[in-house]
Structures are given as C-alpha cells and as structure tokens.
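Notes follow once the structure below has been shown.
All figures in this text were calculated on a predicted structure; none of them were measured in a lab.
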Amino acid sequence: MDEASELVEVDRRPSREQSRERALVLEAAGVEYAHRDLGGEWVLLVRGRDAERARRELSSYTDESEAWPPPPPRARVVPTVGTSAALLWTLTLGTFWLLQSADAFGADWARLGRSQGSMIDGGEWWRAWTSLTLHADGPHVAGNLLFGSLFVGVASQYCGTGIAFLGAVTCGAAGNAVNAWLRAGTSTSLGASTAVFAALGLLVGAQARRRHPDGGRRF
C-alpha cells in the first residue's frame, strides 16, 4: 500500500493473532490494508475510498463467526402424526387379537401364524411377520399395545407414520428371523415385542440424528 495515501482505521484488536485473522478477511476480499502495532493494540488501516467496503466485509465476517456453529435443527414434531401412528398400531394389534381370541373363520391363529424356528428355516418365512400380530393372552397384548403405540407414535413425529410403523414391523420380523437362525430352528414365539423394541430403536436413532445432524462424526 502507498504510505502516502490517506489511511483510515477500520479495526482495532488487543492481540496480533486476532488482528491478523481479520486482516485475512480483507485480503480475501481484495482490499489493500496496512497492519500497525500501536503499543499493545493492533489496528487495520485501509485507504479512505476502501473504508466502507472494508468495514462491511469485517462486519459480515463477525456476524458469520458469531452464528457458527449453527444450532442443531429442531425436529419437526406434528402431534397429529404421532396420534395417527399410535392409532394404526392399536387398531392392527387389537383387530388381530379379536380375531385370534374368537378363533375367527374356525382357524387356530396361534398355530398357523406363530414364529417357529424350524418352520421358518424350512421356508415358511412369513411366520416372522405373522407372529407379530399374535399374542398368548390379554396382558401380553395389552403390554405391547401400550408400549408399542407409545414408541411408534413418538418415533413417527420424527420420521413419519409410514417409516415408523413399517420400520418397527419390518425390523421386528427381521429380529424373529435372526432369532430362528441363531437358535438353529428351536425357537418359538408369539407377540409384537420385537417390533416394540424396534420402534424404540427408531426413536433413539431419530433423537441421535437430531442432536448430531452430521452423523456424529468428529475430526
């Protein structure tokens, strides 16, 4: 910068490091500047014609710095969506329990749909799904209705009714299939418990994603 030019102070900092950081802002913007030590304080000087532009660049940098890092995005919670998912869960399990307890259509629902490891290994893979809709007794179905509607309903507020409901059911069925495989076909089960735990897992995952939108990566 021409020393003879009229210089205007645009910034003053107590340390050289702070002043140098802001000098880089001017440098990046193509504004010529001079750096001066005034005995304990560092100032940035620019030509008079560049002063307004320099102050604007520095002000913009300050605003951006104060706003970083951005706050985590707030989850979009829609109460009606949670209610819809909870009702869907309740109606599904409740309907199948009524059919099962009444031996509807003259069928033994528990025998036809239970998750039996040997049968799943033998190719009857659908049992991993149908067993989720069947229960041993009233308290069994009541517990899965209560906790399932709660977890699915809350999870749906973060990822939607379809993903929460189908995710819980699909992951629950997968749990039944893996259980049958790990126990070499000796397992037998009824109930939506695996789907309830799957819904809880979806809820925990959604909360973790909301708190760490970058996937939790740390460098």
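- Leu91 is not connected to Val169 by any chain of hydrophobic side-chain contacts under 4.5 Å among Ile, Leu, Val, Met, Phe, Trp and Tyr, and they are in different clusters.
- By the rule that hydrophobic residues join a cluster once side-chain heavy atoms approach within less than 4.5 Å of another member, Leu87 and Leu93 end up as members of separate clusters.
- In this structure, Gln18 has no side chain to side chain donor-acceptor pair (under 3.5 Å) partners at least two apart in sequence or on a different chain.
- Placement of Leu200 and Leu132 within a single hydrophobic cluster is found when ILVMFWY residues are connected by side-chain heavy-atom separations under 4.5 Å, directly or transitively.
- The side chain to side chain contact (heavy atoms under 4.5 Å, CB included) check on Asp50 picks up Val31, Val46, Arg47, with sequence neighbours excluded.
- Closest non-hydrogen pair, Leu202 versus Ala168, comes out as CD1-N, 3.7 Å.
- Residues that satisfy the salt bridge (Lys or Arg N to Asp or Glu O under 4.0 Å) test with Arg56, not counting sequence neighbours, are absent from this structure.
- To the nearest 0.5 Å, atom CZ of residue Phe197 and atom CZ of residue Phe147 are 9.5 Å apart.
- Looking at every heavy atom in both residues, Ser149 comes nearest to Thr90 through CB-OG1, 3.8 Å.
- Taken from CG in Leu150 to CG in Leu145, the straight-line distance is 12.5 Å, to the nearest 0.5 Å.
- Glu21 is not listed as a side-chain neighbour of Leu24, based on a closest heavy-atom distance of 4.5 Å or more.
- Shown here are the side chain to side chain contact (heavy atoms under 4.5 Å, CB included) partners of Glu124, two or more places apart in sequence or in another chain: Met119, Trp126, Arg127.
- Considering all non-hydrogen atoms of both residues, Gly40 and Asp37 come closest at N-OD1, 3.4 Å.
- The structure places CZ of Arg13 at 9.0 Å from CG of Leu44, a figure rounded to the nearest 0.5 Å.
- Hydrophobic cluster membership for Leu134: Phe96, Leu99, Phe105, Trp109, Leu190 (Ile, Leu, Val, Met, Phe, Trp, Tyr linked by side-chain heavy atoms under 4.5 Å, directly or transitively).
- The side-chain hydrogen bond (donor to acceptor under 3.5 Å, both in side chains) contacts involving residues 130-142 comprise Ser131-Asn176, His135-Asn144, where partners must be two or more places apart or lie in separate chains.
- With sequence neighbours left out, the side chain to side chain donor-acceptor pair (under 3.5 Å) criterion links Arg114 to Gln116.
- Clustering of Ile, Leu, Val, Met, Phe, Trp and Tyr by side-chain heavy atoms under 4.5 Å joins Ile120 with none of the others.
- Here the shortest heavy-atom pairing between Thr194 and Gly172 reads OG1-O, 3.2 Å.
- A side-chain donor-acceptor contact under 3.5 Å links Ser156 to the backbone of Gly153.
- Applying the side chain to side chain contact (heavy atoms under 4.5 Å, CB included) test to Val8 and every residue at least two apart in sequence or in another chain returns Ala51, Arg55.
- Here Trp97 pairs with nothing under the ring pair (Phe, Tyr, Trp, His ring centres under 6.0 Å) rule; sequence neighbours left out.
- Legend: ring-ring contact (aromatic ring centres under 6.0 Å, His included) pairs involving residues 36-56, not counting sequence neighbours, sorted by first then second residue: His35-Trp42.
- Under a 3.5 Å cut-off, the side chain of Thr170 and the backbone N or O of Gly167 do not form any donor-acceptor pair.
- Annotation: side chain to side chain contact (heavy atoms under 4.5 Å, CB included) contacts of Glu41 (sequence neighbours excluded): Arg12.
- Between Arg22 and Glu57, every side-chain heavy-atom pair lies at or beyond the 4.5 Å cut-off.
- In this structure, Cys171 and Ala198 approach most closely via the heavy-atom pair CB-CB, 3.5 Å.
- Note that the OG atom of Ser84 and the CZ atom of Phe165 stand 12.5 Å from one another [nearest 0.5 Å].
- By the neighbour-count criterion of 12 heavy atoms within 6.0 Å, atom CD of Glu9 is densely surrounded, having more than that number from other residues, nucleotides or ligands.
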message = As a quick check of understanding, evaluate side-chain contact (heavy atoms from CB on, under 4.5 Å) for Val196 and Trp89, giving each step before the final call.
response = CA-CA 10 Å; Val196 172; Trp89 177 271; 3.8 Å; yes
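- Atom CG of residue Leu26 and atom CG of residue Leu45 lie 10.5 Å apart, to the nearest 0.5 angstrom.
- Here the closest heavy-atom approach between residue Thr92 and residue Leu88 is recorded as OG1-O, 2.8 Å.
- Within the model, atoms CG of Asp63 and CG of Leu58 stand 11.0 Å from one another, a figure rounded to the nearest 0.5 Å.
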